[in-house]
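Quick notes on the structure that follows.
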Amino acid sequence: MPELPEVETTLRGIAPHIDGRNVVAVHVHDSRLRWPVPADLPEKLVGHKLLGLERRAKYLLLHFRHGTLILHLGMSGSLRVVDPSHPRTPHDHLEIIFSGRRCLRLRDPRRFGAALWTEGEATAHQLLCALGPEPLSDSFDVDYLHAITRQRRAPIKNVIMDGHVVVGVGNIYASESLHMAGIHPARSAHRIAPARLARLVVAIKEVLADAIASGGTTLRDFTDAQGKPGYFRHHLRVYDRENLPCECGRGSIRRSVLGQRATYFCPACQR
DNA sequence: CCGGACGCCTGTCGGC
DNA sequence: TGCCGACAGGCGTCCG
């Protein structure tokens with residue numbers, strides 16, 4: 001479900017309520033996420049102060065003095081901060097109660113998400129150490145993408161969705177970025193000229209920044225930490241718009257499948 | 001190394 | 001109305 005803008009929206013929503021607070025209780029209602037939630041998570045966290053939160057790729061990192069809680073929302077996960085008395089719903093698998101009656105609740109119907117504990121430098125964790133650059137950072141630029149894509153014959157959409165190339169670009173924003181850049185999603189990455197790659201880099205940054213500013217995209221059930229939907233759905237130019245006219249005025253949007261993922265594009269303005 | 005397919009899960013929706 | 005298949009915002013792993 002959540003791509004980078006939705007995870008960033010979640011981070012900004014929960015941080016003010018829990019940053020700097022002490023953990024007073026941890027309840028693991030269902031440990032069967034993508035990997036088992038560590039059985040000793042309560043004893044790791046209770047009594048310790050949350051020193052800071054950050055996002056890396058689509059992971060949320062909650063830093064404590066003696067380690068870091070790594071959260072991932074998978075396809076259907078969401079986090080909310082509620083009063084501990086707020087009734088639980090069937091898929092609320094993990095609760096972390098902070099001082100001041102702030103309850104951080106992880107809901108994840110499909111259980112593709114994760115909650116892991118790591119000690120030492122979080123970025124050295126196996127899941128994080130091989131990730132590509134953040135798309136909104138200066139290190140993600142045309143020189144970098146050019147160097148990477150020269151060796152890649154796969155469709156460009158698959159390449160920009162590969163977290164070892166650049167993180168955070170999920171299925172919605174890959175289609176949207178390629179449309180903004182005028183690049184056909186199935187084009188072999190190594191056959192795209194530098195000037196067009198430069199447009200793609202700019203498009204990825206713009207699309208993601210706009211989506212963050214809109215609070216992410218709500219297609220079905222994404223909500224922020226207060227339960228509000230994201231408004232970027234109204235900005236989508238191709239995603240989930242099969243057969244609707246493209247704004248270029250020269251064709252209608254088509255749907256195809258790349259890497260087993262739905263892909264939306266305009267054959268008239270994307271080459 | 002690369003590229004493509006698979007599997008993990010539950011919920012929802014459209015067609016018959 | 002009920003059933004059944006297709007599909008869903010991610011990603012590690014396996015195989016050729």
Side-chain angles (χ1 to χ4, degrees), chain A residues 1-10 29-37 55-60 70-79 89-94 106-116 125-132 135 147-178 185-191 204 207-208 211-212 214-224 229-236 238-243 255-264:
Chain A
M1 168 173 107
E3 303 182 37
L4 185 148
E6 291 74 34
V7 178
E8 182 68 27
T9 296
T10 298
H29 301 290
D30 191 340
S31 62
R32 300 171 303 160
L33 299 185
R34 174 147 199 189
W35 297 281
V37 178
R55 179 191 57 74
R56 169 69 174 118
K58 296 170 192 165
Y59 294 93
L60 288 169
I70 301 173
L71 297 177
H72 195 284
L73 302 178
M75 286 279 265
S76 59
S78 60
L79 284 168
T89 57
H91 302 288
D92 291 336
H93 305 312
L94 174 64
L106 172 66
R107 173 184 148 87
D108 185 3
R110 292 175 74 179
R111 290 190 274 114
F112 290 171
L116 300 169
H125 190 276
Q126 188 167 9
L127 290 172
L128 303 180
C129 65
L131 293 175
I148 290 271
T149 52
R150 292 315 90 180
Q151 315 303 325
R152 305 288 293 258
R153 300 180 165 257
I156 184 63
K157 176 168 180 263
N158 300 27
V159 172
I160 62 174
M161 287 183 67
D162 180 347
H164 303 288
V165 172
V166 58
V167 302
V169 183
N171 204 38
I172 295 177
Y173 302 114
S175 280
E176 292 298 315
S177 301
L178 288 163
R187 174 167 290 268
S188 273
H190 77 293
R191 294 189 54 243
I204 289 171
V207 166
L208 293 177
I212 291 170
S214 300
T217 300
T218 299
L219 286 179
R220 291 160 191 86
D221 54 7
F222 171 76
T223 60
D224 69 12
Y231 298 105
F232 196 73
R233 178 163 204 186
H234 311 294
H235 301 235
L236 297 178
V238 288
Y239 189 87
D240 207 19
R241 295 178 59 80
E242 186 181 14
N243 294 328
R255 181 188 188 275
S256 68
V257 175
L258 286 175
Q260 279 109 283
R261 311 299 299 278
T263 303
Y264 298 88

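Here is how names work: the chains are called A, B, and so on, in the same order as the sequence lines, proteins then strands, and each is numbered from 1. Just so you know, these numbers use all the heavy atoms, side chains as well, and skip hydrogens, waters and symmetry mates.
- Phosphate proximity of C:dG10 to A:H72: absent, as no side-chain N or O sits under 4.0 Å from OP1 or OP2.
- Comparing atom distances between the A:R110 side chain and each of B:dT10, C:dG12, C:dC11 picks out B:dT10 as nearest.
- Between the C1' atom of B:dC9 and the CG atom of A:L33 lies a distance of 11 Å, rounded to the nearest Å.
- Each of A:R255 and A:R34 was assigned the nucleotide of DNA chain C with the nearest heavy atom; the assignment lying further toward the 5' end belongs to A:R255.
- Candidate nucleotides B:dC8, C:dG9, C:dA8 were compared by shortest atom distance to the side chain of A:F112, and B:dC8 ranks first.
- A heavy-atom distance below 4.5 Å is found between the side chains of A:W35 and A:L127.
- A:Y59 comes within contact range of the sugar-phosphate backbone alone, with a heavy-atom separation under 4.0 Å but no base atom that close.
- Closest to the side chain of A:P109, out of B:dG11, C:dG12, C:dG10, is B:dG11.
- Here OG1 of A:T9 is found 12.5 Å from CG of A:L79. Values are rounded to the nearest 0.5 Å.
- Side-chain contact between A:N171 and A:K157: present, with at least one pair of heavy atoms (C-beta onward) separated by less than 4.5 Å.
- Regarding A:R153, its CZ atom lies at a distance of 18 Å from the P atom of B:dC1, rounded to whole Å.
- Here C:dG10 presents its P atom at 9 Å from NZ of A:K157, a figure rounded to the nearest Å.
- Distance from the side chain of A:Q260 is smallest for B:dC6 among the nucleotides B:dT10, B:dC2, B:dC6.
- Going from atom CD of A:Q126 over to atom C1' of C:dC11 covers 13 Å, rounded to whole Å.
- Backbone-only contact: A:P155 has heavy atoms under 4.0 Å from sugar-phosphate atoms and none from a base.
- Side-chain proximity of A:N171 to B:dG3, C:dG9, C:dC11: nearest is C:dG9.
- Separating the CE atom of A:M75 from the C1' atom of C:dG10 is a distance of 6 Å, rounded to the nearest angstrom.
- If you take NE2 of A:H125 and P of C:dG12, they are 11 Å apart, rounded to a whole angstrom.
- Between the P atom of C:dG10 and the CG atom of A:N158 lies a distance of 13 Å, rounded to the nearest Å.
- Donor-acceptor pairing under 3.5 Å, judged by distance alone, is absent between the side chain of A:R111 and the base of B:dC9.
- Rounded to whole Å, the separation between the P atoms of B:dC6 and C:dC7 comes to 14 Å.
- Within the 4.0 Å cut-off from OP1 or OP2 of B:dG11, not a single side-chain nitrogen or oxygen of A:R107 is found.
- The CG atom of A:D92 sits 6.5 Å away from atom CZ of A:R107, with the distance rounded to the nearest 0.5 Å.
- Taking the six-membered ring where the residue is Trp, the centroids of A:F232 and A:F222 are separated by 6.0 Å or more.
- Base pairing annotation: B:dC13 forms a Watson-Crick or G-U wobble pair with C:dG5, both donor-acceptor distances under 3.5 Å.
- Evaluation of atom-type donor-acceptor distances gives no pair under 3.5 Å for the side chain of A:R220 against the base of B:dG11.
- When the P atom is compared between C:dA6 and B:dG7, the two are found 15 Å apart, to the nearest whole Å.
- Contacts of A:Y239 with the nucleic acid, taken as non-hydrogen atoms under 4.0 Å apart, involve only primed sugar atoms and P, OP1 or OP2.
- Look at CG on A:D30: it is 17 Å from P on B:dC8, rounded to the nearest Å.
- Ring orientation note: the planes of A:H91 and A:H93 are nearly perpendicular, at an angle over 60° on the 30°/60° scale.
- One finds a side-chain N or O of A:H91 lying less than 4.0 angstrom from the OP1 or OP2 phosphate oxygen of B:dG11.
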